[in-house]
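Protein chains get the first letters and strands the later ones, always in sequence-line order, with residue 1 at the start of each.
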There are 2 protein chains.
Amino acid sequence: MKNTATRDKLIDSGAQLISQQGYNATGINAVLKTCGVPKGSFYHYFSSKEDFGLAVIERFAASYDETLVVLLEDNDTPPLERLKRYFAAGREHMHECDHATGCLIGNLGQELSGQSDTFRDALNLVFQRWEQRFVRCLQDAQARGDIATHSVPEALASFILTGWEGAILRAKTLKSVEPMEHFEKILFQQVLVPAT
Amino acid sequence: MKNTATRDKLIDSGAQLISQQGYNATGINAVLKTCGVPKGSFYHYFSSKEDFGLAVIERFAASYDETLVVLLEDNDTPPLERLKRYFAAGREHMHECDHATGCLIGNLGQELSGQSDTFRDALNLVFQRWEQRFVRCLQDAQARGDIATHSVPEALASFILTGWEGAILRAKTLKSVEPMEHFEKILFQQVLVPAT
DNA sequence: AAAGCACTAGACTGACTGGTCTACTTTAAG
DNA sequence: CTTAAAGTAGACCAGTCAGTCTAGTGCTTT
């Protein structure tokens with residue numbers, strides 16, 4: 001397996017289509033057509049549609065994790081500023097896709113975690129990695145005294161991730177980033193505040 | 001259209017299967033098989049699968065709204081208690097379905113709002129109705145001085161709904177109600193609090 | 001030059017999809 | 001009793017699904 005260009009093309013097209021339509025609604029033939037790759041190549045690189053789906057998740061997670069590191073682990077910026085930057089990037093992405101795709105991992109989590117344990121495990125791992133990034137950022141904030149220490153960072157991280165994913169979902173059905181703004185505003189006004 | 005028993009059976013089976021597997025993964029034949037209704041009857045009551053899906057949403061929303069009224073508009077119980085009861089009911093349901101189905105409207109919102117505007121509109125309306133129930137409950141709480149008045153109830157309601165939906169999604173991938181508990185705890189500890 | 005392997009190419013398969021069609025049974029009205 | 005409509009019944013359709021198969025191309029190694 002030397003020529004990874006074709007494999008990458010397949011994963012790229014797949015990620016795009018799955019983001020837009022979901023996993024079940026995306027046929028292999030549609031993926032093939034959008035990137036002009038014959039079926040033989042597909043089954044040369046992937047053993048099944050599930051295998052392909054997992055590869056799409058893996059690659060998205062890896063590439064997204066890079067962004068996350070840049071946004072959340074930049075020690076030159078105060079931790080709460082980093083979080084705000086993260087939310088701003090999310091809102092911008094929502095605009096760019098016309099409120100249609102949202103978060104690939106969130107979408108697949110909703111669609112597939114009741115359908116396949118393999119997918120559920122893979123998606124769960126991605127979520128947990130994200131939470132860890134939040135945890136580190138929140139620990140920084142607590143160490144600086146920017147936020148109170150009476151909530152454990154892990155619980156706060158879970159709160160932020162779930163709230164944000166829910167806001168993305170709501171933004172999709174509403175076709176507006178308003179829910180994302182509400183979430184962010186209340187979060188910074190009442191949750192991520194110094195000890196009183 | 002007098003005999004609604006068959007129609008109801010179809011919608012019931014449909015709601016169950018769609019909750020478990022999603023809309024796209026649920027075939028009409030599967031619905032037919034689980035309730036022993038022939039195809040002719042299906043297309044007698046519904047003009048298409050989409051029409052059927054909308055009927056499933058409508059009926060679920062109507063029945064769920066009844067529960068919501070009982071839980072959230074009971075004036076004999078303090079408003080924040082009503083909200084806690086609502087969350088407790090949600091957690092219980094999550095246990096009952098073994099963390100597999102979650103919220104039908106949330107699932108379909110994620111799966112279909114990028115796929116069909118008709119579905120998106122229908123689901124959005126349901127969400128908005130739910131938010132209104134929260135708004136009324138929060139207004140009661142503000143009137144009693146149980147929570148501060150510096151947040152508009154509409155924004156708070158959006159915050160609660162999105163946070164809760166996100167927690168449900170996360171609970172599904174994690175197979176644990178822990179995210180729902182984290183959300184509830186932080187919400188009542190830091191957001192739904194009296195003016196300081 | 002030859003052999004072996006990574007990869008391309010797409011026709012093909014059986015199962016299944018949403019949806020149509022015709023025939024039949026039941027119910028209600030005149 | 002007759003007739004029309006409501007509803008049941010399932011064979012059938014064209015299209016699509018994931019996946020298989022065989023044939024061939026082009027690069028690398030010996």
Side-chain angles (χ1 to χ4, degrees), chain A residues 1-59 107-108 111-112 114-119 122, chain B residues 1-59 107-108 111-112 114-119 122:
Chain A
M1 193 195 293
K2 273 184 257 167
N3 179 11
T4 58
T6 306
R7 192 171 185 274
D8 288 349
K9 263 204 291 185
L10 285 165
I11 293 181
D12 277 345
S13 303
Q16 202 187 316
L17 288 174
I18 292 174
S19 288
Q20 285 165 15
Q21 320 170 318
Y23 176 80
N24 288 307
T26 301
I28 288 170
N29 285 319
V31 176
L32 264 29
K33 207 175 169 185
T34 58
C35 61
V37 167
K39 199 161 245 188
S41 299
F42 183 93
Y43 283 96
H44 175 73
Y45 293 109
F46 308 102
S47 64
S48 66
K49 191 189 179 184
E50 175 170 289
D51 186 32
F52 176 63
L54 291 170
V56 168
I57 290 171
E58 214 167 288
R59 218 168 88 103
N107 295 355
L108 293 180
E111 188 180 356
L112 300 175
Q115 203 174 126
S116 145
D117 277 347
T118 316
F119 273 114
Chain B
M1 194 197 290
K2 273 185 254 165
N3 179 10
T4 58
T6 307
R7 193 172 184 271
D8 287 350
K9 262 204 290 185
L10 285 165
I11 293 181
D12 277 344
S13 303
Q16 202 186 317
L17 288 174
I18 292 173
S19 288
Q20 285 165 14
Q21 318 170 319
Y23 176 80
N24 288 307
T26 301
I28 289 172
N29 285 317
V31 177
L32 263 29
K33 207 175 169 186
T34 59
C35 61
V37 167
K39 200 164 246 190
S41 299
F42 183 94
Y43 282 96
H44 175 73
Y45 293 109
F46 309 102
S47 66
S48 66
K49 191 189 179 186
E50 176 170 289
D51 186 32
F52 175 63
L54 291 169
V56 169
I57 291 170
E58 212 167 290
R59 218 167 90 102
N107 295 356
L108 293 180
E111 188 181 356
L112 301 175
Q115 203 173 124
S116 145
D117 276 348
T118 316
F119 273 113

- Note on the structure: Atom CG of N24(A) and atom C1' of dT17(C) are separated, to the nearest Å, by 13 Å
- In whole angstroms, how far is the C1' atom of dA9(C) from the NE2 atom of H44(A)? 13 Å
- Query: What's the CZ-C1' distance between R7(B) and dG7(D), to the nearest Å?
  - Reply: 14 Å
- Message: Starting the side chain at C-beta, find the nucleotide from dG10(C), dC7(C), dG19(C) nearest to P38(A).
- Response: dG10(C)
- Item | Selected nucleotide, minimal atom distance to T6(B) side chain, candidates dG19(D), dT8(D), dT17(C) | dT8(D)
- Query: Below 4.0 angstrom from OP1 or OP2 of dA6(C), is there any side-chain N or O of Y45(A)?
  - Reply: no
- Whole-Å distance, K39(A) NZ to dT16(D) P, equals 12 Å
- Whole-Å distance, L32(B) CG to dC16(C) C1', equals 14 Å
- Note on the structure: Comparing nearest nucleotides in DNA chain D, the 5'-proximal residue of the pair G40(A), A30(A) is A30(A)
- Message: If the cut-off is 4.0 Å, is Y43(B) near the phosphate of dC21(C), judged by side-chain N/O to OP1 or OP2?
- Response: no
- With distance as the sole test, does E111(B) use its side chain to make a donor-acceptor pair with the main-chain N or O of G22(A) at under 3.5 Å? no
- Message: Are I11(A) and Y45(A) packed together at the side-chain level, in the sense that at least one heavy-atom pair is separated by less than 4.5 angstrom?
- Response: no
- Between dG7(D) and S41(B), is there an OP1 or OP2 to side-chain N/O distance shorter than 4.0 Å? no
- What is the distance from CD1 of I28(B) to P of dT20(C), rounded to the nearest Å? 10 Å
- Message: Just so I know, are the side chains of N24(A) and L112(A) near enough to count as touching, which here means a heavy-atom distance under 4.5 Å?
- Response: yes
- Would you kindly give the CZ-to-P distance between F46(A) and dT20(D), to the nearest whole Å? 15 Å
- Which part of the nucleic acid does G27(A) contact within heavy-atom distance under 4.0 Å: base, sugar-phosphate only, or nothing? sugar-phosphate
- Expressed in angstrom and rounded to an integer, what is the separation of F52(A) atom CZ from dG19(D) atom C1'? 15 Å
- Backbone N/O of L10(A) and side chain of S13(A): donor-acceptor pair under 3.5 Å: no
- Task: Look only at the side chain of K49(B) and the backbone of Y23(B), and say whether a donor-acceptor pair between them is shorter than 3.5 Å.
- Result: yes
- Query: Under 4.0 Å between a side-chain N or O of N29(B) and OP1 or OP2 of dT17(C)?
  - Reply: yes
- How would you label the contact of T26(A) with the nucleic acid (heavy atoms, under 4.0 Å): base, sugar-phosphate, or nothing? sugar-phosphate
